[in-house]
Structures are given as C-alpha cells and as structure tokens.
Participant: 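One structure coming up, written as structure tokens, with questions to follow.
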Amino acid sequence: MTGSTVVNQTPVLPPRYYLENFRVLYSTVQAQYADLLQADELAFIEHYDAMDEESQCLYLRLISRRGPWFRSAKLSYPEIGDLRAPLEYLLACNWLLEAQALELDDVQGLFTLAELRKIFPECAESLPTTAPKSALMAVLDQALSRGELTQADLARRCVAYDETVIVAPSWTEHVALLQLLFFGNRRQDLTEFVLSDLGVMRYVQYPLDRAHRLFPSREAVEEYLLIGECADTYWLWREQRTMLEEEAQRDSLQQLAQLIGTVQVGYEANRPRFHALLNRVARELERMALYDHAMLLYCESHRHPARERNIRVLVAQERWEEALALCETVLAQPWCEDEYDAAGRLQVKARRALFGERAPRTKASFSERHLNIVRETGSVERDTATALMQQWPQVRYVENALMNSLFGLAYWDVIFSPVAGAFNNPFQSVPADMYAQEFSLRRRKQIAARRDELEELPLVQTLTDTFRRVKGLQNRWVSWGLLDEALIEDVLVCMPKAHLLAIWDRLLFDPGENRRGFPDLIALDPGAARYEMIEVKGPGDALQASQKRWLNFFQSASIPASVLWVQWIDD
DNA sequence: CACTTAACGG
DNA sequence: TTCACACCATCTC
DNA sequence: GATGGTGTGTCTCCGTTAAGTGCA
Ligand SMILES: [Mn+2]
Ligand SMILES: [Mn+2]
C-alpha cells in the first residue's frame, strides 16, 4: 500500500514486495490484538522476525500458493536466488515439513501424467498409452486399497524420482489467524495488497479506527473460526453429495446439522453468517423431508427466510394451525418486506385449509402492456430495447446497476463515513454493516443532512462532481463499467429529483433487500425530460416478488414504470 | 495439434 | 466459498 | 399464480504458462 497513484501505467513493485505486505499485516495485528494471541502465535511472529530474509521470502511464497505440497526441485524464485540455504533452514526449524507419506490426491497434483507413468511403471503398463490421468490414478488407488502400495511408498518413490524433497509449509493455521484478524474475514488475503498497489483495485481511503476491534475477545475469534469450519463442512457436503447414495447423503447431512445445532453463538457480529448457514443446512434437511430437524435449525435462525421456510415446513406437514399462528407472528412483526409478503400468501393458504375461506384475488396495480416482436438476438431484453428505440431516443438495458450506481454516488460520503466498526481493513468496498438494519440508524444524522443537500443542490452537477472525484474507487453499489458522464446527465435530466429521492429513500430503508428488482430497461428522452422504466417479460417468465415490490412502489410514487409482456412473432 | 483449464504472480 | 435473474416443470385455483 | 429446481452471466485483474484431453 505504498499508494502509488499512477493510473495508466503499472507501478513497479520491489522484487521482494510481499515481505513488506506481510510485515504490515502482522504488525497491525500485533498492535491491535496482541492480547488475543497465544504464546505459540506470538512465538511464531517472533521467530519469523528473527529469520534471514531469504527464508522469510520462501516461506511467504509457499503459503501464498495452493499446495500444500511442493517439489523443492520445481521451486524457482529469482528474487530469492539460491533456495538451498532457506530450504535447509526452514526444514531444520520445522517451518517446512518433509513428506513422509502422501495422499493419492497430493501425488496427482504434484506430478504430470508422464512422470507418474515413469514412477509407477507396473501400474502404467496395464493401461493403453492414451489412458487419461484419472485411469492411472484409479489403478494406483486399487493398488493402495489392496495393500500392494502404502502412502509411505508413494512418498518414497516420488522423492526418489526427483532426488529432492517434497515439502509443505507449517504453521498455516497461525497465518490464517493473522489474516483473519487483519481483514476481519477469511476471504481476503495478501493478494489484496498487490492488487491495490498495482492500481488494479483502488479503494476509498477511509480512516481506520485502530481502537475499535471487530473481535473483542479470543472467544469471538474462535467462534468465527468454528462457524467457518462448519461452513466448510457444508460446502464439502454439497460438492460430494452426488457421489453418495441417498442414505449416506442423508446421514452425513444430519451429522452436520447436529454439529451445527450444538454451536452457541455469543457474539453479535458472528450471527448473520451463522444464521445464513443454519438456513442453508435447514433447507437441505427440508428437501430430504427431515422436517423436525429443519424446523429446529430454522428456529435458531433470525435471518430471512428462516420463518418463511418454517411456515412452509408446517404447511408441507399440513400442520395448519401452527402455520397460521406463525404467519400471524410474522405479519405482526416482519423482518423484511419479502417475509411479510410471503407470510401474507401463506396465511391465505392456511385459512383456506382451515376455514375454507376463498382467496380474494388481488389485481396488479401497475401498468402492463404487450408487445409482439421478431426474435433477433438471444436476449428478449435486448430485442425489446431495439424495438423501443422506435419511440425513444435512448433505451438502456440496466437492471439494478443504474439505480444502485446513482445511489452509490449520491450517498457516497455516507456509505464511507467512518462509523465505529464499519471499516476493519483498507480493502473494503462497503462498510461492514451495509446490509444490517442498523445501517440507517447509525448514520441517521448524516443521511438526513445529505438528503437535505440533495434537495437543494442541482443533481447533475453534484453527481457529476462526485463521479469525477471518486471514479474507479471500489464501491459495491457502483458499476463503473456502466456509468459515464453522459449517462448520468441524461438520466438526471429525464428523472425529476423527487423520483430519485424517493427511490434512494427506499434503498436506504432496506439496502440489502431493495438493491434488486429494478426493471430491465430505462427509456430516456432527454429532449422532452421524459423517461420510463420497463420490466421485460418474455413468454414463460413471471414477475419476481422483488420486482413487484418496486413496481408497486413506482405506482404509488407516480414514477413511470410498466411491465411489457413480449410475444415472439414467428418468421 | 487445437482447445480448455488451473495455477501463478505482479 | 455469490448473486440476481430467467427459464422450465409441476401443482393449484 | 405459486413454488421449486436449474441454468446463466457475473463475480475481484489479467497475461503467461503448464498440463490434460480428444482428435486428426
Ligand atoms: Mn431482468
Ligand atoms: Mn425481465
């Protein structure tokens, strides 16, 4: 992050640039979280600090790669030079471990097919010369299961082939912990520094509040890691489910669900992730008709769509009274509009089952039109846009991107205002609480002040200025590929300020939910200051709940929007 | 040999 | 460890 | 119309290189 602001020219990094990046990472963690680190973790940092630079480099190179095993003969790093000394040092202090035994998967990744044929000629000879790698691996697998080979044999023969060593970096759990404490998540790693330094990713330079800690205690960290492990297990299950029999699938899922059921999450910041996992696992249980177990998990979750799914599970079992009761609970205190709508629909269904009540058919309260066109491209939206160019000077296929981008520009400084806990590392494109209920509460004053400003200021000028000031900086709301000054001006000339303010108010009301559902197209007539948003629906398509909510809102705010039902004309 | 895919690294 | 959307099948009213 | 399942383009970069695969 030595902050070169060169835009069109790639800045040159020093050959061992990653040393400095890692130094920033661990020294930041040391300064902020020293009291959360255990003795072995502190010793890890101390040892690293004391190492010669070449060993530090090699270690960092390896932990940045996929691994875990590497053939020392295949390693080459010009900026380190001769690797023998660092290899020897790292092996001597056990920062690199030498392979004593290898899994078949590791062997597959370490050697090419041609090499494996030479290392295991007795397995290869039974195969045709064109046999794929998977065939050879299958033969090796059989040899292993028959006891003709052991994992130690694998390692020995692989090493003999290279006449070197096969090594894996150790203490990767310490590195993972340092990264978690630095970034506040498991997703980001050292490459963030490089991309930022190269100018590939440019981030807003919000102030970081070092005093504020995302993890207040060691327990909070451990909890985060535990949830991560559970999530890993879930994703692994999803990947491997197809290879399992139905019964084995069910057993392993239930095992996972049981494990997750015992997890107690005490830290507020960990809850959203955990509840998302509960919802996912419960949904899988539901698919396997394990209803009671699913409901158990849904009840633990405070995240949409837990209660909606819970109602559906009750409906599936025809437990109508309970379903109706939960519908009423939700309707009285919904978590979000989507949940409220779903509970409304399910309430009707339950009342019909219980009391035989007929459904009062609700009619669409927004404008709907029909259009017959010839199919030209593969995209109904694009074909429709082309057809509408007869009546409009400009038609853009923008979906959510346009309104979200304008919102991101209009409220840029609110989004990046340094609220406590919002920014944990220098590489964020939104504050941590962007989609939390409290987002607006915590920034009530700034939002109100900004809204007043927007009321007063000329929007074209204001947003164009913001566009120029922050162009290219990462903001989850803004699609830089879509925006340019001409588009901003055209849209702002066509749309009355009241319309934009109303849309942005609704985005602020629930940024997580309302960022989706915008119509496909916007038709613009800057000359006449006229516009319309158009949701295209091809044959067989239907409005989604989020799209209906925006259309209803547009109707109530007198914002021009409609649904266009498209039929194909056969040629 | 043409094509695809994954890993790597700045 | 994605998300938003379209498309399609099936069931219900 | 409601619902669930699945496919698609997109994601947070992009050029280079090695390797696997199937075909002439
Ligand atoms: Mn669309
Ligand atoms: Mn559409």
Side-chain angles (χ1 to χ4, degrees), chain A residues 10-18 21 60-62 64-67 70 74-79 108-116 130-137 185-203 227-236 238-239 273 276-277 280 283 286-287 308-309 312 315-316 341-342 344-346 348-349 352-353 358-359 361-364 378-381 397 399-401 404 427-429 435 474 476 479-481 512-513 515-520 535-548 566:
Chain A
T10 306
V12 177
L13 304 181
R16 297 181 176 181
Y17 65 89
Y18 46 89
N21 294 343
L60 291 180
R61 278 297 194 185
L62 296 190
S64 308
R65 290 179 54 176
R66 197 161 189 274
F70 299 93
K74 291 281 164 190
L75 297 174
S76 166
Y77 293 107
E79 84 280 6
Q108 175 170 13
L110 279 169
F111 294 89
T112 67
L113 177 55
E115 288 171 329
L116 290 174
T130 56
K133 199 173 193 178
S134 54
L136 181 56
M137 299 319 290
N185 60 63
R186 297 194 313 161
R187 182 173 42 85
Q188 293 177 292
D189 57 32
L190 285 167
T191 61
E192 301 292 336
F193 288 89
V194 188
L195 294 180
S196 172
D197 286 343
L198 288 175
V200 172
M201 295 290 175
R202 294 171 49 229
Y203 293 91
I227 295 166
E229 274 170 42
C230 292
D232 287 344
T233 313
Y234 167 71
W235 289 106
L236 205 66
R238 273 194 60 148
E239 268 174 37
R273 284 174 66 246
L277 179 63
R280 272 192 235 269
R283 190 71 182 81
E286 207 186 315
R287 291 199 175 100
E308 179 194 333
R309 296 312 318 174
R312 291 188 190 280
V315 167
D341 292 344
R345 292 193 300 272
L346 288 161
V348 169
K349 194 169 185 168
R352 184 166 47 235
R358 298 300 303 275
R361 179 58 63 93
T362 52
K363 215 175 132 264
S379 152
V380 64
E381 292 88 356
Y397 179 23
E399 261 173 2
N400 305 320
N404 286 345
F427 311 110
Q428 286 180 229
S429 56
Y435 305 124
Q474 290 300 305
R476 190 83 56 82
S479 307
W480 292 114
E513 185 174 48
R515 70 193 146 148
R516 58 182 186 262
F518 284 100
D520 295 309
E535 172 54 41
V536 178
K537 285 297 164 197
D541 197 2
L543 288 169
Q544 298 178 18
S546 61
Q547 294 172 331
K548 284 184 196 168
V566 174

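The sequence lines fix the lettering, A, B, ..., with proteins before strands; numbering per chain opens at 1. Keep in mind it's a predicted model, so treat the numbers as computed, not measured. No hydrogens, no waters, no symmetry mates; every other heavy atom, side chains included, goes into these values.
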Participant: Counting only side-chain nitrogens and oxygens, does Arg516(A) get under 4.0 Å of the OP1 or OP2 atom of dA4(C)?
Facilitator: yes
Participant: Looking at dA6(C), dC8(B), dT1(C), which one has an atom nearest to any side-chain atom of Gln547(A)?
Facilitator: dA6(C)
Participant: By the 4.0 Å heavy-atom rule, please label Lys349(A) as base, sugar-phosphate, or nothing.
Facilitator: nothing
Participant: Any idea which of dA6(C), dC8(B), dT1(C) is nearest the Arg186(A) side chain?
Facilitator: dT1(C)
Participant: Can you tell which of dT12(D), dA6(C), dC8(B) lies closest to the side chain of Arg187(A)?
Facilitator: dT12(D)
Participant: Rounded to whole Å, please give me the gap between CD in Gln108(A) and C1' in dA19(D).
Facilitator: 12 Å
Participant: Under 4.0 angstrom, heavy atoms only, what part of the nucleic acid is Arg65(A) near: base, sugar-phosphate, or nothing?
Facilitator: sugar-phosphate
Participant: Base, sugar-phosphate alone, or nothing: which one does Arg309(A) contact when heavy atoms must sit under 4.0 Å apart?
Facilitator: sugar-phosphate
Participant: Report which part of the nucleic acid Tyr234(A) touches: base, sugar-phosphate, or nothing (heavy-atom distance under 4.0 Å, all strands).
Facilitator: nothing
Participant: For the side chain of Leu113(A), starting at C-beta, report the closest nucleotide among dC8(B), dC5(C), dG20(D).
Facilitator: dG20(D)
Participant: When all nucleic acid strands are considered with a 4.0 Å heavy-atom cut-off, which category describes Arg283(A): base, sugar-phosphate, or nothing?
Facilitator: sugar-phosphate
Participant: Would you kindly compare Thr112(A) and Leu346(A) by the position of their nearest DNA chain D nucleotide and give the one closer to the 5′ end?
Facilitator: Leu346(A)
Participant: Tell me: CG of Leu190(A) to C1' of dC8(B), nearest whole Å?
Facilitator: 15 Å
Participant: Determine the Euclidean distance between corresponding P atoms of dT2(C) and dG15(D); express it in Å to zero decimal places.
Facilitator: 25 Å
Participant: When you measure from the side chain of Asn21(A) to the backbone of Leu190(A), do you find a donor-acceptor pair of N or O atoms at a distance under 3.5 Å?
Facilitator: no
Participant: Round to the nearest Å and state the distance from Glu535(A) atom CD to dC7(C) atom P.
Facilitator: 10 Å
Participant: In whole Å, what separates the P atom of dG9(D) from that of dT5(B)?
Facilitator: 14 Å
Participant: Using a 3.5 Å distance criterion without hydrogens, assess whether the side chain of Ser64(A) forms a donor-acceptor pair with backbone atoms of Leu60(A).
Facilitator: yes
Participant: If only atom types and distance count, is the side chain of Arg16(A) paired as donor or acceptor with the main-chain N or O of Glu79(A) below 3.5 Å?
Facilitator: yes
Participant: As a quick check of understanding, evaluate ring pair (Phe, Tyr, Trp, His ring centres under 6.0 Å) for Tyr18(A) and Phe193(A), giving each step before the final call.
Facilitator: CA-CA 8 Å; Tyr18(A) 46 89; Phe193(A) 288 89; over 10 Å; no
Participant: From the options dT1(C), dC7(C), dC5(C), select the nucleotide whose nearest atom is closest to the side chain of Asp232(A).
Facilitator: dT1(C)
Participant: Any side-chain heavy atom of Lys133(A) sitting closer than 4.5 Å to one from Gln108(A)?
Facilitator: yes
Participant: Mapping Arg312(A) and Gln474(A) to their closest nucleotides on DNA chain D, which lands nearer the 5' end?
Facilitator: Arg312(A)
Participant: Tell me whether the side-chain N/O atoms of Lys133(A) come closer than 4.0 Å to OP1 or OP2 in dA19(D).
Facilitator: no
Participant: Given dG5(D), is OP1 or OP2 found less than 4.0 Å from the side-chain N or O atoms of Arg287(A)?
Facilitator: yes
Participant: With sequence neighbours left out, what residues match Ala316(A) under side-chain contact (heavy atoms from CB on, under 4.5 Å)?
Facilitator: Tyr291(A)
Participant: Could you tell me whether the side chain of Arg312(A) reaches within less than 4.5 Å of the side chain of Arg309(A), counting heavy atoms only?
Facilitator: yes
Participant: Can you figure out which of dT2(C), dC5(C), dA7(B) approaches the side chain of Glu399(A) most closely?
Facilitator: dC5(C)
Participant: So, is Tyr77(A) close to the dG9(B) phosphate, meaning a side-chain N or O under 4.0 Å from OP1 or OP2?
Facilitator: yes
Participant: Please state the C1' separation for the pair dA4(C) and dC13(D) - nearest whole angstrom.
Facilitator: 23 Å
Participant: Nearest-Å distance, CG (Asn400(A)) to P (dG9(D))?
Facilitator: 18 Å
Participant: From the options dG20(D), dA7(B), dA6(C), select the nucleotide whose nearest atom is closest to the side chain of Asp541(A).
Facilitator: dA6(C)
Participant: With side chains defined as the heavy atoms from C-beta onward, is the minimum distance between Val536(A) and Asp541(A) less than 4.5 Å?
Facilitator: no
Participant: Distance check needed: dT1(C) P versus Arg273(A) CZ, whole Å only.
Facilitator: 6 Å
Participant: Suppose you measure atom P in dT12(D) against the same atom in dG9(B); what distance do you get, rounded to whole Å?
Facilitator: 24 Å
Participant: Look at Arg345(A) and dT3(D) and indicate whether a side-chain polar atom (N or O) is within less than 4.0 Å of OP1 or OP2.
Facilitator: yes
Participant: Take atom CZ of Arg515(A) and atom C1' of dC11(D), then tell me their distance rounded to the nearest Å.
Facilitator: 13 Å
Participant: Classify Gly517(A) by what it touches in the nucleic acid, base, sugar-phosphate, or nothing, heavy-atom distance under 4.0 Å.
Facilitator: sugar-phosphate
Participant: How close or far is atom C1' of dA4(C) from atom CG of Asn404(A), stated in whole angstroms?
Facilitator: 11 Å
Participant: Could you check whether Gln188(A) gets within reach of a base, just the sugar-phosphate, or nothing at all, counting any heavy atom under 4.0 Å?
Facilitator: nothing
Participant: Return the pairing partner of dT10(D) with a 3.5 Å limit on both distances, Watson-Crick or G-U wobble; otherwise return none.
Facilitator: none
Participant: Expressed as a whole number of Å, how far does the C1' atom of dC14(D) sit from that of dC3(C)?
Facilitator: 23 Å
Participant: Would you say Gln544(A) reaches dA6(C)'s phosphate, i.e. side-chain N/O to OP1/OP2 under 4.0 Å?
Facilitator: yes
Participant: How is Leu195(A) classified with respect to the nucleic acid when contacts are heavy atoms under 4.0 Å: base, sugar-phosphate, or nothing?
Facilitator: base
Participant: Counting any heavy atom closer than 4.0 Å, what does Glu286(A) reach on the DNA or RNA strands: base, sugar-phosphate only, or nothing?
Facilitator: nothing
Participant: Is Glu192(A) touching bases, backbone alone, or none of the nucleic acid, heavy atoms closer than 4.0 Å?
Facilitator: base
Participant: In whole angstroms, how far is the C1' atom of dT17(D) from the NZ atom of Lys74(A)?
Facilitator: 13 Å
